[in-house]
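Working notes, beginning with the structure itself.
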Amino acid sequence: MKNRIAGFYSLLLWCVAGILFSWYILHLTRGDHFLPVRLLTYITPWVTIAAILAALSAWFLQKFKLAATLSCLFLLLAYPYISQFIPRSVDPGPGPTLKVMTYSVMGRNHDYDAMARVFAEYQPDLAYFQEVGQGALEDKLTALSVHKKLYFVTTNNIGFIVSRYPIELEEEARPFSRFTLTLPQGAVSLWNVHTWKAIRSYDAQYGQIKALTEAVGKTSDPMIVAGDFNATEMSETYRMMAAHLKNTHAEAGFGFGFTFPTPARRMGSLFPFLRIDHIFYSQHFEAISSKVGENAGGSDHLPVIAELRLVDDRVE
C-alpha cells in the first residue's frame with residue numbers, strides 16, 4: 001500500500017514538473033497571452049517555494065532523478081529572486097535625494113484620514129496616488145506635511161501627484177499621465193500609472209505598457225515612472241518596463257516585496273502575496289532604499305516607498 005501511494009505521488013510530481021517546465025518555456029518564448037501561463041506568472045514566488053518542497057519530498061522518497069529535475073526547476077525559478085534575499089547596503093554618496101512613494105488607495109476606500117496618515121508616516125518628497133482625486137485629500141495632506149508648501153496636480157483617469165517641488169501636468173491619458181517635476185537641479189519627467197488588470201484583458205494591458213515604453217523610450221530627461229501596474233516582476237509587461245528603466249525594489253529592496261492584497265479584500269485576510277506596485281527610474285538616479293509600507297490605510301494595496309539619489313554628472 002505504501003509503495004502504491006509513493007508511486008502515485010511520484011507520478012503526480014513528474015506531471016507537475018512537466019507542466020511547470022512547459023509553462024516556463026511558454027512564458028519565455030510566447031509571453032503571457034495564454035491565460036494559464038499568465039496565472040502561474042502571477043504566483044511565481046509561490047510556485048518556486050512549492051518546487052523546492054516537492055524536490056525535498058522526492059529526495060525523501062529516494063526518487064533521485066525526480067528530485068534532481070525539481071531542483072533544476074527550483075533554481076530556474078529562484079534565480080531572479082536570489083539577489084533580493086541578500087542584504088544590501090548602498091552608499092548614498094554626494095548628491096540630492098528624493099523620497100518617492102506610490103500608493104493605490106482603492107476606489108471604494110473613503111477613509112481619507114487613514115490615507116493621510118500613511119502619507120504623514122513617510123513624509124515623501126514626491127507621492128503618486130492612484131484611484132483617488134486630490135480634492136478628498138489635499139487639505140489633510142497639507143496639514144500633516146512637514147514641508148511648508150505642497151504642489152498638487154490631479155487627472156481624471158489615474159489619480160494625482162503631490163510634491164514638495166513645483167509640478168506641472170504635460171499629458172493626460174490612459175493608463176498613464178505625464179508630469180514635469182522641477183527640482184533645483186533641473187526638470188524630471190514623471191508618469192503616474194494605473195494599468196488594466198491582465199487577468200481580465202492581457203491584450204489591453206500589453207497595449208498600454210507598449211505605449212508607455214514607447215513614450216519612455218523617446219524621453220532623455222531624468223524620469224520616475226510609478227504606480228499600480230497590475231503586473232508582477234515575472235510578467236512580460238514588467239520585463240518591457242525593465243528593459244528601459246530600473247526598479248527600486250529590484251535594486252535596493254529586500255524579500256519578495258508583496259504589495260497586494262491586504263485584508264481590505266477577503267483573499268488578503270492572511271497576508272499580501274503579489275508585488276504589482278512599482279517605482280521605476282532612469283539611470284539619472286540611484287536607488288538607495290526601497291520598502292513596502294506596513295499600513296494600507298484601508299486600501300487593498302500597500303504603499304511602496306523608495307529613496308533615490310540624483311546622480312549629478314548625468315543630469316544636464
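H147 meets the side-chain contact (heavy atoms from CB on, under 4.5 Å) test with D125, S145, L150, R164; sequence neighbours excluded. For Y165, the ring pair (Phe, Tyr, Trp, His ring centres under 6.0 Å) test picks out no residue, with sequence neighbours left out.
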Enumerate donor-acceptor pairs with a distance under 3.5 Å from any side-chain N or O in residues 59-78 to protein atoms, sequence neighbours excluded.
from: T69; atom 1: OG1; to: K65; atom 2: O; distance (Å): 2.9
from: S71; atom 1: OG; to: A67; atom 2: O; distance (Å): 2.7

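Between F229 and F280, the ring-plane angle classifies as perpendicular under the 30° and 60° cut-offs. Relative orientation of the W23 and H27 rings is parallel, given thresholds of 30° and 60° on the angle between their planes. Taking the six-membered ring for Trp and thresholds of 30 and 60 degrees, F129 and F119 have ring planes inclined between 30 and 60 degrees apart. The aromatic rings of F85 and F256 sit perpendicular, their planes meeting at an angle over 60°, well past the 30° parallel limit.
Both tests pass for K149 against the ring of Y151: distance under 6.0 Å to the centre and angle within 45° of the axis.
For the residue pair Y81 and E233, a side-chain donor N or O sits within less than 3.5 Å of a side-chain acceptor on the partner. Using modelled atom types and a 3.5 Å distance limit, the side chains of D32 and T41 yield a donor-acceptor pair. A donor atom on one side chain and an acceptor atom on the other are not found under 3.5 Å apart for E168 and T180. Looking only at atom types and distance, the side chain of T102 has a donor-acceptor partner in the side chain of Q130 under 3.5 Å away.
In this structure, the side chains of L190 and V225 stay at 4.5 Å or more apart for every pair of heavy atoms. T213 is listed as a side-chain neighbour of M241, based on a closest heavy-atom distance under 4.5 Å. Side-chain contact between F179 and V188: absent, with no pair of heavy atoms (C-beta onward) separated by less than 4.5 Å.
Put simply, the side chain of R309 never gets that close to the backbone of I288: no donor and acceptor are under 3.5 Å apart.
To the nearest 0.5 Å, atoms CD1 (I167) and CZ (F160) are separated by 10.5 Å. With rounding to the nearest 0.5 angstrom, the CG atom of L98 is 7.0 Å from the OG atom of S163. Rounded to the nearest 0.5 angstrom, L274 CG and T259 OG1 are separated by 7.5 Å.
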* Working for side-chain contact (heavy atoms from CB on, under 4.5 Å), residues L308 and T248 -> CA-CA 8 Å; L308 299 174; T248 59; 3.9 Å; yes
* To do: Step by step, work out the ring pair (Phe, Tyr, Trp, His ring centres under 6.0 Å) result for F254 and H249.
  => CA-CA 7 Å; F254 184 83; H249 182 80; 8.7 Å; no
* Asked: Between Y9 and S57, does a side chain to side chain donor-acceptor pair (under 3.5 Å) hold up when you go through it step by step?
  -> CA-CA 10 Å; Y9 184 65; S57 66; 3.0 Å; yes
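A continuous path of ILVMFWY side-chain contacts below 4.5 Å connects F34 to L40, so both sit in one hydrophobic cluster.
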